[in-house]
Structure formats: C-alpha cells, structure tokens
Amino acid sequence: MQLQFSHVSYTYPQASLTALHDVSLTFTSGWTGIVGDNGCGKTTLAKIACGLLRPDEGHVTANLFSAYCQQDASQAPDNLFDFAADWSTPAQKLRHQLLIDDEWIWRYDTLSGGQQKRLQIACALWSEPDLLVMDEPTNELDARTRIIVSNALSHFDGIGLLISHDKTLLNTLCTQCVLFENATFVARPGTYEQAYLQAQRDHSFLVRQHDKVQREAKRIETEALRRQQEAQKSAQKRSGRKLDMHDADAREKRGRAIVSGKDGVAGKLSATMNARLDKAQDLLKESSIPNRYNAQFKTYGIASSKPILAHLDACIIGDGGFALHVPELWVERYDHVIISGDNGCGKSLLIKELLKHVGNDISVAYLPQKVDEDIQTQTLQQLSALPTKCQGDVLAIVGNLNSDPKRILDGKTLSPGELKKLSLALQLVNNPNLIVLDEPTNHLDMGSIDALTQLLQTFSGAYILVTHDQSLIQTLHATRWNITENHLTVCL
C-alpha cells in the first residue's frame, strides 16, 4: 500500500502565491514526518493526500480510505457521536488508551483544548483508515498526555502522515521524514533527528559549493575585466588616428598586423572570458541558497512606571462544576512568570481572570491560545489599516519570527502559526508593559520557537507565559505558578 504524489501543484483561490509547487513524493506504510516552516504548505499537502483538496496540476495515485485529524481541536469530529455509541472492544480500548471519560463526548464544547484533541485522535483511529493524517496532534497536550498519544499512534499500521514540530514524537514514530528545504519538499529516511542531520550535511555541502562557484565567478570577472582592458588597448593601437599621416612605414606595419590577426588576439580572449563569466554567473544562480529569516530582534517592551501591574486577591475561580483555588497574586513590572499544569486544570481561566485585574493604564499584549477565522479577518484588517512604515515594522517582526512577510501580505491562506506571529507583532510594535501568552508555541515551527525564546529573553517589561513546552520552560528563568489538584502554588 502506498500513496504517490506526481508533480503536484496547488494555489488557493484568490491567492497570488503558490501553496505547493511541483511536489513529487511517495509514502508507504508507517509514519512519515512532515516538517517545515509555518506556511510552507504542510497542511495543504495533507489535505490533498486525503482528497479534501484537488491539485491544480499533477496527480495523486491512490484509492485509500483516509482520516484527517486537523490542527483546530475545537472542531468536533464528524464521527464523534458514532464513536460515543460504540461499546465494542476496539472503541473501549481507545477510550482507555487516551484516558477519555465517557461524559466528555457529550460536552465537547466545554472541554479543554487537550481533552478535545484526545477525542479527535480517538475518533480518527477508531475509523481504521488506510491513510491517517495527524496535523499537530500534540500542540495542546501536557507532557503526560503526549506520551499517551504517542503510544496510541504507534499501533497504527497504515500510511501515517505526521505534521509536527514535536521532536520527541517525530523521533519516536517516524521511519521517514519529509523536510521543507530550499523551497521544496525532500524525503529522507530515518527519524527526524537522522533526517535533520543529513539535511544539515547536504546544506553545508551546498554552501561550500556555492562559495566555490562564487570565488570562481569573481576570479573570472577579474580576468575578464583585464582582458577587456587589453582588448581596448589593442583597439587603440590598431587605430590609425595616433599615427603620423606621413609615416608610411608605421601605417604599413599596422596594416600587416591587422591582416595577420595578431592584434585581434586580445579581443578574442576578452570575448572568451566574457562567455566564461556568463556561464559562471549562471552556475552561481543555480547554486544559490534561499534566504532564511533570522531572529535579530531589537529590544521590545517598556517597563511600567508603576511597580504593580496586576493584583488578584485570594479566590476560587469557577467554570460550571470546576473550581481552582488561587492564593493572592501580584504581578510586578519586571516579573517573568510561567504557568504550568495538566490539561483542563484551569490555566486559561486563570489568565482571563488575571487580565481583569490589570490596571487600565498598563499596556498589555495578549495572545490567546486559540486563533480562528474571525481573528484572522480582524488581524488582517488591522494590518491593512496601518500606515506603510508601521506595516513595515510589523512585518519585520514577523520576518524575525521565521515567516515570509510576502505570505502575510498575500493574506489569503495564513496558517495558524503565521496568524499567531502577525497578531503578536501587531501588539509588540506598541511596546507593551506586559505580555500575556497562552500556549504561544502551539502551531509554531522550530525556528519560530527559538525566535520567540530570544524575544522573551530580551523583553524589557513583564511577561506571563502559559506553556507545556519543557525546552522553553528550562531556557527561560522565570517564577513558576504550578497548578496541581485544583490549587495554584507559587514557586520562586
């Protein structure tokens, strides 16, 4: 059983930029990791694989029953209630593997993002597809649940496409990875770590080749210039204008040189060198390496003139039957806070309650956990309403967060990661006193997460960060607010 892409291209309606261009790939049984920057076409590739989109050019050779588990966990699976009504051994096994409570199915809209994601995955596996696409399955999962999901996915024996930036999951499941390199998708055998190392070696080889061709082009250019100057001198010598009109011997000698072609040698050599230069410049273009956006942030944010940004009295935060016990909390102007806890423990509720107690004279940048089409429309309208210079400042931040500003301006098919970057950039240009980020690394590619880490490390004001990203937590030096068993504990 295999799935084959042959010269597939696709452009979204009304978009000016191509989402996929001339992609040829083969997928066989087992998990293949799909890895690349936000907006490079990973989700588009997955939707074409599942038949949700039809390519503009090329074709996909397969006749497979497919299931697509999308990024947005808030969208209930189409077969949710069918799964709820099934009490067969396989269905019960999935409930047990993914720690799904029976009553979750009947209140999907009230579940946390991590709980919704587990149900999505269960419904996808329950359908027993030939082709299973998992689009960022661990985005909203805590560390314990990520292990549970990884174990459940490891038992799938069909063709699996795993779009993810979770290195641990990619290394655990994948026997092949498709990496987006030099503006195209390249299939490489092995885990993500193995594929990435090979890609790095190939990239280093390309850099060396490019440098070699560049040096040769420079040498030929210098030599061509010298030959051109010699040809010009020869041409001047052939001209009779510098000869005495009464010097018959000199004129006769010049005539013999022109007839014999000796004075034309320099000109022929110059023409030859120019031809070699053209060829070298063509090779230089062929060996060129596409630009990447590198994080070079200036310092953003301004520390508030007020020492206290927010104060929350000890209280119980509730939502239906849920109750989170919170001690008295203070957020000062230089505080760096990380909030952690299992899925559904109330982290987002705490954030929303805390924002109500921020002073009106405090400038706040808030990035919610979920982004949707309404937020995309509002964000793009906000960008288009800015003066040209302000737009440039916003797009510079987006570029430093590892996305192509041209795709943002295209504005038709922003990925969730691109939308998050744009939303954050629009707020950062105002130099807020406080940044509040709820699971900001969800949907972000690996380069973007590194850039966001650098941004937070240099931010001049205060920030509050909700995250499950252990690497980010270990990198940032921050106060921890941990939530366990419905109680928040402050760890300095």
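Because the structure is predicted, anything quoted here is derived from the model rather than measured.
Of all the heavy atoms in Ala199 and Glu181, the pair that sits closest is CB-OE2, 3.6 Å. Heavy-atom minimum distance, Ala303 versus Ser460: CB-O, 3.8 Å. The shortest non-hydrogen separation linking Tyr463 to Ala478 is OH-CB, 4.2 Å. Smallest separation of non-hydrogen atoms from Ala67 and Ser127: CB-OG, 3.7 Å. Closest approach of Leu98 to Ile148, counting heavy atoms only: CA-CG2, 3.6 Å. Annotation for Gln71 and Lys117: closest pair O-NZ, 3.4 Å, computed over non-hydrogen atoms.
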Open item on the list: Quick one, Trp31 with Leu132, criterion side-chain contact (heavy atoms from CB on, under 4.5 Å). Give me CA distance, side-chain angles, the key distance, then yes/no.
Closed with: CA-CA 9 Å; Trp31 283 102; Leu132 175 59; 3.9 Å; yes

TODO: Report the C-alpha separation of Leu444 and Asn402 in whole Å, then their side-chain angles, then the decisive distance to 0.1 Å, and conclude whether the side-chain contact (heavy atoms from CB on, under 4.5 Å) test is met.
DONE: CA-CA 9 Å; Leu444 294 191; Asn402 201 45; over 6 Å; no

- [ ] Decide yes or no on side-chain contact (heavy atoms from CB on, under 4.5 Å) for Leu173 and Phe156, but give the supporting numbers first.
- [x] CA-CA 10 Å; Leu173 294 180; Phe156 178 69; over 6 Å; no

Open item on the list: Thr467 vs Glu439, test: side-chain contact (heavy atoms from CB on, under 4.5 Å). Steps then yes/no.
Closed with: CA-CA 5 Å; Thr467 186; Glu439 298 287 5; 4.2 Å; yes

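Of the possible polar contacts, one joining the Ser24 side chain to the His7 backbone as a donor-acceptor pair under 3.5 Å is found. Side-chain atoms of Lys347 come within 3.5 Å of backbone atoms of Gly341 as a donor-acceptor pair (strictly under, hydrogens ignored). Judged by distance alone, with hydrogens and angles left aside, the side-chain atoms of Lys167 form no donor-acceptor pair with the main-chain N or O of Tyr192 at under 3.5 Å. Judged purely by atom type and a 3.5 angstrom limit, Asp142 uses its side chain to pair as donor or acceptor with the backbone of Asn343. Between the side chain of Gln120 and the backbone N or O of Gln75, at least one donor-acceptor pair lies under 3.5 Å. Under a 3.5 Å cut-off, the side chain of Asp56 and the backbone N or O of Thr11 do form a donor-acceptor pair. Listed for the Arg480 side chain is no donor-acceptor partner under 3.5 Å among the backbone atoms of Cys491. The backbone N or O of Glu193 sits less than 3.5 Å from a side-chain atom of Asn171, completing a donor-acceptor pair. With hydrogens and angles ignored, the 3.5 Å screen pairs a side-chain donor or acceptor of Asn442 with a backbone N or O of Asn139. Distance alone, capped at 3.5 Å, places no donor-acceptor pair between the Ser150 side chain and the Ile147 backbone.
Side chains of Lys421 and Ser448: a donor on one and an acceptor on the other come within 3.5 Å. Between the side chains of Thr43 and Asp135, at least one donor N or O sits under 3.5 Å from an acceptor N or O. A donor-acceptor contact closer than 3.5 angstrom is absent between the side chains of Arg118 and Gln115. Looking at His443 and Asn38, their side chains never bring a donor and an acceptor atom within 3.5 Å of each other. For the residue pair Ser471/Asp469, the side-chain donor-acceptor check at 3.5 Å is not satisfied. Checking Glu136 against His165 by side-chain atom types alone, a donor-acceptor pair falls below 3.5 Å. Looking only at atom types and distance, the side chain of Asn79 has no donor-acceptor partner in the side chain of Trp126 under 3.5 Å away. Judged by distance alone, the side chains of Gln454 and Asp450 never bring a donor and an acceptor atom under 3.5 Å apart. No hydrogens or angles considered: nothing links the side chains of Asp22 and Ser9 as a donor-acceptor pair under 3.5 Å.
The shortest distance between side-chain heavy atoms of His468 and Leu141 does not fall below 4.5 Å. Annotation: side chain of Lys420 is not in contact with side chain of Leu424 (no heavy-atom distance under 4.5 Å). At least one side-chain heavy atom of Thr184 sits less than 4.5 Å from a side-chain heavy atom of Val186. Val23 places none of its side-chain heavy atoms less than 4.5 Å from the side chain of Pro55. Considering only heavy atoms from C-beta on, Thr26 comes within 4.5 Å of Gln2 through its side chain. Looking at Ser6 and Thr61, their side chains never come closer than 4.5 Å, going by heavy atoms from C-beta outward. Residues Gln427 and Pro432 form no side-chain contact, since every pair of their non-hydrogen atoms from C-beta on lies 4.5 Å or further apart. Put simply, the side chain of Gln457 reaches to within 4.5 Å of the side chain of Thr475, judged on heavy atoms.
Of the inter-residue distances, the one linking Gln376 atom CD with Glu418 atom CD reads 9.0 Å to the nearest 0.5 angstrom. One distance of note links CD of Gln194 with OG1 of Thr175; it measures 10.0 Å at 0.5 Å rounding. The distance from atom CG of Asn482 to atom CG of Leu488, rounded to the nearest 0.5 Å, is 7.5 Å. Atom OH of Tyr68 and atom CG of Asp78 lie 13.0 Å apart (nearest 0.5 Å). Rounding to the nearest 0.5 Å places CG of Leu125 at 7.5 Å from CD1 of Ile121. Distance CG/Leu3 to CG/Asp130: 10.5 Å, rounded to 0.5 Å.
Ring geometry, Phe185 versus Phe180: the interplanar angle exceeds 60°, so the pair is classed perpendicular (tilted spans 30 to 60°).
Here the rule is side chain to side chain contact (heavy atoms under 4.5 Å, CB included) with Leu170, and of Ile34, Thr191, Val35 only Val35 fits it.
By the 6.0 Å contact criterion, CD on Glu128 is open, its count of non-hydrogen atoms from other residues, nucleotides or ligands being 12 or less. Around atom CZ of Phe27, more than 12 heavy atoms belonging to other residues, nucleotides or ligands sit under 6.0 Å away. Counting non-hydrogen atoms of other residues, nucleotides and ligands closer than 6.0 Å to NE2 of His21 gives a total of 12 or fewer. Counting heavy atoms of neighbouring residues, nucleotides and ligands inside a 6.0 Å radius, atom NZ of Lys370 exceeds 12 of them.
Cation-pi geometry between Arg95 and Phe83 is met: the NZ or CZ atom falls under 6.0 Å from the ring centre, inside 45° of the normal.
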